[in-house]
Structures are given as structure tokens and as C-alpha cells.
Participant: 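The structure that follows is given in the form of C-alpha cells.
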Amino acid sequence: MEMKSKTLLILYATQTGNALDVAERIAREAERRACTVVIRSTDDYDANSLPAEDTVIFVVSTTGQGDTPDSMKVFWRFLLQRNIGSHWLEGIHYAVFGLGDSGYQKYNFVAKKLDKRLSDLGATAVVEKGLGDDQHPSGYEAALDPWLSSLWSRLNEIKPHFFPKGPDFLVSNEELIGLPKFQVTYHNVDDIDSRLSTATDFKYLQMQIGRARSMSSGKVPHEKCKPDAFLKMVKNFPLTRASHEKDVRHFEFEFVSQVIKYEIGDVLEVLPSQSPAAVDSFIQRCNLDPESLITVHPREMENRHIDNNVNTLDVPIKLRTFVELTMDVTSASPRRYFFEVMSFFATAEHEKERLQYFASPEGRDDLYQYNQKERRTVLEVLEDFPSVQMPFEWFVQLAPPLKNRAFSISSSPLAHPTQVHLTVDVVSWTTPFKRKRQGLCSTWLASLDPEQSIYIPVWFHKGLLPPPPPSLPLIVIGPGTGCAPFRGFVEERAVQSQSEIFGSPIQKMTECFQKPRVVGFTLPSRETNPRRFMSNIKCRNKVKGFGICCVRERPSMLQGLQQKCHQM
């Protein structure tokens, strides 16, 4: 008989980091119960090894319209193989917790279909699947807390060997907190590789960004650390009136490093810049030296052999540069564990009690109102708890990672071979306590002056649909994505046809081009009925012999539209 693992395995699939946070919390709670645990990303685990496991806990998020996270695609394809029998996972116990948004039709679809597939393959559920909802007043933790209570209770009953010290044993938080996962090493000035000083400006910037982001605690496996190119803004002008409730901008950029080939419908990722004053305030609040030269690596690599050759992990970088390129201290809200760790370093008793309350199940709702709903930043939280003096290593582990922002490209490379254009809504909103908040990247881009010659690091990614044949007339539908991709399609057709495009490039559903080669329609972001949408088009517009291009977010809507089009 095949020996089963005595270790509790936690597999997570995340797109934005929430599933990883949940997986790490489950791992901490398991360790408090003296349970041996291993936590892995689905793209770092061989699915063929599942039958050898005893019990597996899955934490998976749902992205877009019911899509699996990128890190789960290979794993999921493996589970869907037809040659896997219905008894393949017989004897295996599992539990699934999903993260989703009930505002979308396919709410927690990935967790639901994973749960069904595991059951179909013969595995046995420990507890009913848990479904976390971003729309809940307390976020996904409203479902996570009771689900975890049920999980530990049930595991104690059916798998007591996971808890060798008994069902009532709990390690204290003070003992468990231990050391942070990341080690920060400080270096002398002489440690800097002299080769960096001879690099070109772009080469130096690229290496600097690559070094910082390769050491980041938020680094995603297989994600490129170094930018593909650098852009310089040449135009920045509003598309909406000053009195309009929204500020929509058109940005035009030129390549200042190598030119990257892209296609219409592709996506541009931008690394935003944080406020220098706010970064300096964070460093000063933490009593850090911004000029310190540091390297950061996981603590389990602390005693590894250091190669004499230059490695992105080993070349020191200034502490200030590391913070501004990798740690979002000025726009993103910290997680609940951040408050729990802070409580251990608070010297004022009233602050310690408040932080402990926030980190407890009883304080969950109040923390959600104080933190997530108000979009408190790391810097703002630290200012509210002035007695907390936390080691920098904990900030490296717990501060939200600075993430690239993705935008649909709104230009055609045929029309602008050395440029990239973006059409962006500058994000701003008011919190429940009437605090003004702004989107980090869109606000920064809107503030740039083309005369400043700021170098902007960017990454290019392929869109979901290939460019259509030039001879095929199109109806382009943006289901909740905005009009940015339409501009690129219209520009492309204008160059290909070398003829005038009739009418406005973006039409309302009740309008149509006189001689359509490209027909554009806007669609409400929650519209899910292709029959209703296409009947409206059919009544008002007699368009035949066209293709449909549905941009980025609604493959299910696209399929429905294609079916209706065949009937027109």
C-alpha cells in the first residue's frame, strides 16, 4: 500500500495576492496546532503527485469572468485529462476555499469547479467548500473565519495524526511569530559592483529595477523583473471637460530604449512612481537610513553559497530605491496579519490592545471599516500607531508589493511605429469618512509634463484575441473595458484601407457607421444577455458579413454574441 504524506499540504492559486494571504494564514493556524505544513503555489507543484498526499487544502481565486489564475492554468489542464480515472484520488481528503466577487455572474467559479472535479476523481471533502466574497462588508474573511473553525474541528476528528499534541493544544502567538521570512543584509559602499557605474542610463535603470524586484517579497514566479522597454511621454491631454465628473486622459509615449513590437489589442503594464515625499516619510518614520546598501533574500537562503559572479540577488541596492520600487507604502492597504505583527512591537498599552482587537475575529468588521473601506496606507497606519517600531525585515515581508498597472493599448503600431498610446480614466473616489483617494498610477501619469522627459518602465503582454483579417468588417464590443482598445482597431483599419473612416470611431448602440468597416458599440459592464444586446443591434443597424471582436473580459459574452450573429 502506498504510504501517504504526514504533512498537510496547502496549494494556492492567486492573481493579485489574496489567495496567498489566505494560504499563509491557514499555514500559521496549522503551525499553532503543532501540525507540519507545506505551502506551495499550484505552478510550483507537480499535480501528478496528488495521489501520494494525505490531505490537501486548496485556496483559489477567480479572475475575470470565471477564469483560473495564470498560476493555475497548467495544474487545471492536468486535472481535466480524460485518461484520469474516477478513482485516481480515492483516499485523499481535501478542502477548498475560494475568493471571488458576487458582483460577477460566475462568482467563485474556479473554486466551485475545482471542488466538483476533485470529487469526481474520488477525493473526499473534509468540509463544505468556503466561498469568500469581496462584496461582503467584512470582505472574504467573513466566510474564512467560520470555515477555518469547521476545518480544524473536522480534521481533529478524522485526521488526529496531524495534531500530535492533541486537539486543544495551541502555540502562543508570541512563540509562533519568530523571525520574519526575509533577511536584510547591509553592505559597505565598496560592495557595489563597479560595472554598474559604467552602464548606460537605460541599462543601469533596467538593472536597478530588476535587482530590486527580484528581491521583493511580492515577486510572482515566472514574472519578468526587468522592464521590456522605457517610454517617454510626449503628449498628455484631457478628453473630458474640466466640469465633467470624470477625468479621462489621452497619453502618447515614444520609445527611448529599444522599440518593442506589439499588436492592436495588446496590454501595456506600467510601473508607477510613488510620491517621493511619502517614501521619505515612511523611511523616516521607521528610523531607516535611505542611503544604506542592502540585499534581501528569503531567510532559508541565509547560509547559501554566494557566487562571485554578479547576480541580481547579490548586488546591493540603496534602501530607498528598494522601498520606492517594491513596497507600496503610499496607496495600498495592509492585510490583517500586518496589524497582528504590529501588536507585538507596540509599546503603548492602548495601541497594543487596539491592534490585538483588530487582529482578532471579534474586531474583523471594525478593521475592515478602518482599513480596507478607508483604503488606509501603510504610512497612514504607522502614523496612527506611533509607538510601533517594527524591524525593517517585517515591513519587507508584510507591506503590500508595488504592482504594475495594466492598460489596454489604444494605438496601432501601423499608424505609430515608434509610439504607444493609452486612454486612461484618472481614478479618484471618496471613502465613507469623506477622505479623498486617488489611483496611484493614473494620477501619476496625469501629473507628468511631457517636457520633463521622465523615463517610464513598461512591460508588454499579448491580448486575448489575434488581430482579425484586414478584409473582414468588424463589430467591436467592449464589455466593461472602456473604449481604449477601439481606438487601436480603428487606427489599424484606417492605415490598412487607406480610406476615410466614416463617422465617429466609438458609437452608442443606437448609432452605426454609414459604410461600416469597423462598427463600435459600448456595453454596460453588467450586461450578460447576448440575445437582448444583439436584438437591439439587429433592430437599429442592418450590418451583415461582419466579425466580432470582444475585448479582454467577456469570453462567455463573446460566445453568445457569435451564436446570435449566425442567426442574423
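This chain uses plain numbering: 1 for the first residue, then up along the sequence.
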Participant: Would you list the pairs meeting salt bridge (charged side-chain N to carboxylate O under 4.0 Å, His left out) in which at least one residue belongs to residues 135-151, sequence neighbours left out?
Facilitator: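 Qualifying pairs: R25-D145, E141-R336, D145-R336, D145-R364.
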
Participant: Taking ring pair (Phe, Tyr, Trp, His ring centres under 6.0 Å) as the definition, give me every residue that meets it alongside F395, ordered by chain and number, with sequence neighbours left out.
Facilitator: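 Result, ring pair (Phe, Tyr, Trp, His ring centres under 6.0 Å) vs F395: F282.
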
Participant: Just jot down the ring pair (Phe, Tyr, Trp, His ring centres under 6.0 Å) partners of Y455, sequence neighbours excluded, or say none.
Facilitator: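 Listed in chain order: F202.
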
Participant: Considering only residues two or more places apart or on different chains, which pairs with a residue in residues 429-441 satisfy salt bridge (charged side-chain N to carboxylate O under 4.0 Å, His left out)?
Facilitator: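 Qualifying pairs: E374-R435, E380-R435, E380-R437.
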
Participant: Residues in ring pair (Phe, Tyr, Trp, His ring centres under 6.0 Å) with F433, at least two apart?
Facilitator: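 Checked F433 against ring pair (Phe, Tyr, Trp, His ring centres under 6.0 Å); zero matches.
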
Participant: Applying ring pair (Phe, Tyr, Trp, His ring centres under 6.0 Å), name anything that partners Y370, two or more places apart in sequence or on another chain.
Facilitator: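 Applying ring pair (Phe, Tyr, Trp, His ring centres under 6.0 Å) to Y370 gives F358.
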
Participant: Keeping to residues at least two apart or across chains, list the ring pair (Phe, Tyr, Trp, His ring centres under 6.0 Å) pairs with something in residues 128-152.
Facilitator: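 Counting only pairs at least two positions apart or across chains, the ring pair (Phe, Tyr, Trp, His ring centres under 6.0 Å) contacts touching residues 128-152 are F97-W147.
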
Participant: By side-chain hydrogen bond (donor to acceptor under 3.5 Å, both in side chains), which residues pair with Q372, not counting sequence neighbours?
Facilitator: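 Listed in chain order: nothing, the list is empty.
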
Participant: Could you tell me which residues satisfy side-chain hydrogen bond (donor to acceptor under 3.5 Å, both in side chains) with E362, sequence neighbours excluded, listed by chain and number?
Facilitator: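 S360.
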
Participant: Output all residues satisfying salt bridge (charged side-chain N to carboxylate O under 4.0 Å, His left out) with D289, sequence neighbours left out; order by chain, then residue number.
Facilitator: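 With sequence neighbours excluded, D289 shows a salt bridge (charged side-chain N to carboxylate O under 4.0 Å, His left out) to no residue whatsoever.
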
Participant: Check side-chain hydrogen bond (donor to acceptor under 3.5 Å, both in side chains) between W459 and all other residues, then give those that pass, not counting sequence neighbours.
Facilitator: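 Checked W459 against side-chain hydrogen bond (donor to acceptor under 3.5 Å, both in side chains); zero matches.
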
Participant: By side-chain hydrogen bond (donor to acceptor under 3.5 Å, both in side chains), which residues pair with K462, not counting sequence neighbours?
Facilitator: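 K462: side-chain hydrogen bond (donor to acceptor under 3.5 Å, both in side chains) contacts with E263, D266.
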
